[in-house]
Participant: 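Sharing a structure below in structure tokens format, with a few things to ask.
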Amino acid sequence: MVELLPSILSADFAHLAEQVAAAGRGGGTVVHVDVMDGHFVPNITLGPPLVKSLRKATRLPIDCHLMIENADEFIPAFAEAGADWVSVHYEACRHLHRTLQLIAQHGMKPAVVVNPATRVDFLVDILPMVHHVLVMSVNPGFGGQKFIDFSLDKIRRLVVLRQELGLAFRIEVDGGVAHDTVARVVQAGADLLVAGSAVFGAGQPERDARSLLAAAREAAGEQVE
Ligand code: DX5
Ligand code: ZN
């Protein structure tokens, strides 16, 4: 089943609770929160205090995408704040296995993220530990960038690896997922679709989440109500 994860990076932060509720009415099922530290990526965004407020404002699971260098130091704070899923970058974790264990030990679902330049084959040994793999289809740091087409090959490769290894991790895609790309993303095998500007960019999150999800479901061959 394909799910839509609205990325609040493109939301109006002064009206965040309403914006998230609207995206949820439009069919969003998980809230995607982009955490940036100004070191691993050239931008600074949100942290545990925002997650704590959001936790009170929505019942949807909160997916924290950590684009930070010292994830281990902050995992307890994200757990405390109420995060449900936490993903960390392969490129940012010196001891990725330890970091994924730490996330699980704190009661959250661990996931690994790969940048466009990273081969998914490097993940083989830790795939049994993850709830999902997040494929970046733009270079992380900003919303509204152009989808990088060869990300589709990474998604297809992950589908093959999952089958070969007999695993059940999910495949999430983040960056440039919009009306013009969503069908190809879904057909390549992704089932967790992050979308920021396509949901919040026009100020109509309910309408735009609904239409994007409908396009995704149609591409997946799912029944659209
Ligand atoms: C970028 C973030 C994304 C961002 C996607 O580093 O990880 O989650 O919000 O934005 P769009 O959907 O606009 O490409
Ligand atoms: Zn993200």
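We count ligands from 1, going down the list as the structure has it; atoms in each ligand are counted the same way.
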Participant: Geometry only, no angles: is Leu9 polar-contacting ligand 1 at N/O separations under 3.5 Å?
Facilitator: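 Min N/O separation from ligand 1 is not below 3.5 Å for Leu9.
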Participant: Got a sec: does the CD of Gln105 have more than 12 other heavy atoms crowding it under 6.0 Å?
Facilitator: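 Yes, enclosed.
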Participant: Using side-chain hydrogen bond (donor to acceptor under 3.5 Å, both in side chains) as the criterion, point out the one residue from His179, Gln204, Glu206 that pairs with Ser211.
Facilitator: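 Output: one option passes, namely His179.
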Participant: Against heavy atoms of Met36, which atoms of ligand 1 measure under 4.0 Å?
Facilitator: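 Near Met36, the atoms of ligand 1 are 6 (O).
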Participant: Which single N/O/S atom of His65 lies at minimum distance from the Zn ion (ligand 2)?
Facilitator: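 Looking at His65, the N, O or S atom with the least distance to the Zn ion (ligand 2) is ND1.
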Participant: Identify, by atom number and element, the atoms of ligand 1 in contact range of Gly143, meaning under 4.0 Å from any of its heavy atoms.
Facilitator: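 That gives atoms 10 (O), 13 (O) of ligand 1.
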Participant: Any nitrogen or oxygen of Gly144, side chain or backbone, less than 3.5 Å from one on ligand 1?
Facilitator: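 Right, the criterion is met.
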Participant: Only one of Ile8, Val199, Asp12 forms a side-chain contact (heavy atoms from CB on, under 4.5 Å) with Pro205, so which one is it?
Facilitator: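 Of Ile8, Val199, Asp12, side-chain contact (heavy atoms from CB on, under 4.5 Å) with Pro205 is met by Val199 alone.
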Participant: Between Asp72 and Arg98, does any side-chain N to carboxylate O distance fall below 4.0 Å?
Facilitator: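 No, no charged N to carboxylate O under 4.0 Å.
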Participant: Any nitrogen or oxygen of Gly141 lying under 3.5 Å from a nitrogen or oxygen in ligand 1? Just yes or no.
Facilitator: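 Yes: some nitrogen or oxygen of Gly141 is under 3.5 Å from one in ligand 1.
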Participant: Compute the shortest N/O to N/O distance between Asp34 and ligand 1 and return yes if it is under 3.5 Å, no if not.
Facilitator: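 For ligand 1, there is an N or O atom that lies under 3.5 Å from one belonging to Asp34.
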Participant: Nearest protein heavy-atom contact for atom 9 (O) of ligand 1: which residue, which atom, what distance?
Facilitator: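 That would be Ser7 OG, 2.7 Å.
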Participant: So does Glu164 have more than 12 non-hydrogen atoms from other groups sitting under 6.0 Å from CD?
Facilitator: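 Counting neighbours around CD of Glu164, more than 12 heavy atoms of other residues, nucleotides or ligands fall under 6.0 Å, so yes.
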Participant: Can you tell me which residue and heavy atom of the protein come closest to atom 13 (O) of ligand 1, and the distance to 0.1 Å?
Facilitator: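 I find the closest protein heavy atom is Ser197 OG, 2.5 Å.
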Participant: Just jot down the ligand 1 atoms closer than 4.0 angstrom to any heavy atom of Pro140, in number order.
Facilitator: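 Taking each heavy atom of Pro140 in turn, ligand 1 has 6 (O) under 4.0 Å.
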Participant: Can you see whether His132 engages Glu172 through a side-chain donor-acceptor pair at a distance of less than 3.5 angstrom?
Facilitator: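 Yes.
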Participant: Would you mind running through ligand 1 and noting each atom that sits below 4.0 Å from a heavy atom of Met136?
Facilitator: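 Taking each heavy atom of Met136 in turn, ligand 1 has 7 (O) under 4.0 Å.
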Participant: Considering just N/O/S atoms, say which atom of Asp34 is closest to the Zn ion (ligand 2).
Facilitator: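 Sorting the N, O and S atoms of Asp34 by distance to the Zn ion (ligand 2) puts OD1 first.
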Participant: Give the residue, atom name and distance (to 0.1 Å) of the protein heavy atom nearest atom 14 (O) of ligand 1.
Facilitator: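 That would be Gly176 N, 2.8 Å.
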Participant: Would His32 and Asp34 count as having a side-chain donor-acceptor pair, cut-off 3.5 Å?
Facilitator: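 Yes, because at least one side-chain N or O of His32 sits under 3.5 Å from a partner of the opposite role on Asp34.
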Participant: Determine, stepwise, if the pair Leu66 / Phe78 fulfils side-chain contact (heavy atoms from CB on, under 4.5 Å).
Facilitator: CA-CA 10 Å; Leu66 305 192; Phe78 280 99; 3.8 Å; yes
Participant: Kindly determine whether Ile68 and His89 satisfy side-chain contact (heavy atoms from CB on, under 4.5 Å), including the steps that lead there.
Facilitator: CA-CA 8 Å; Ile68 64 176; His89 272 259; over 6 Å; no
Participant: Which atoms from ligand 1 have a heavy atom of His32 less than 4.0 Å away?
Facilitator: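 Those qualifying, in numeric order: 8 (O).
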Participant: Considering only heavy atoms of Gly175, which atoms of ligand 1 have at least one such atom less than 4.0 Å away?
Facilitator: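 Going through ligand 1 atom by atom, the ones under 4.0 Å from Gly175 are 14 (O).
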Participant: From the N, O or S atoms in Asp174, identify the one nearest to the Zn ion (ligand 2).
Facilitator: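 Nearest N/O/S atom: OD2.
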Participant: Among protein heavy atoms, which lies nearest atom 3 (C) of ligand 1, and at what distance?
Facilitator: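 Residue, atom and distance for the closest contact: Asp174 OD1, 2.9 Å.
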Participant: Under 4.0 Å from a heavy atom of His65: which atoms of ligand 1 are those, numbered in the order shown and with their elements?
Facilitator: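 Those of ligand 1 that fall under 4.0 Å from His65 are 7 (O).
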Participant: Identify the closest protein heavy atom to atom 1 (C) of ligand 1: which residue and atom is it, and at what distance?
Facilitator: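 Here the nearest protein heavy atom works out to Phe142 O, 3.5 Å.
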Participant: Would you mind listing which atoms of ligand 1 come within a distance below 4.0 Å of any non-hydrogen atom of Ala195?
Facilitator: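 Near Ala195, meaning under 4.0 Å from one of its heavy atoms, ligand 1 has 12 (O).
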Participant: Run the salt-bridge test on Arg55 and Asp84 with the 4.0 Å N-O cut-off and return the result as yes or no.
Facilitator: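 Yes, this pair counts.
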Participant: What class does the angle between the rings of Phe122 and Tyr90 fall in, given that below 30° is parallel, 30 to 60° is tilted and above 60° is perpendicular?
Facilitator: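 Parallel: the ring planes of Phe122 and Tyr90 meet at under 30°.
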Participant: Of the non-hydrogen atoms in Val51 and Ala83, which two are nearest, and what is the gap between them?
Facilitator: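 Where Val51 meets Ala83 most closely, the heavy atoms are CG1-N, 3.9 Å.
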Participant: Rounded at 0.5 Å granularity, tell me how far CG in Asn70 sits from CD1 in Ile75.
Facilitator: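 Going from CG on Asn70 over to CD1 on Ile75, the span is 10.0 Å.
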Participant: To check your reading of the model: name the closest protein heavy atom to atom 12 (O) of ligand 1, its residue, and the distance in Å.
Facilitator: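 The closest one turns out to be Gly196 N, 2.8 Å.
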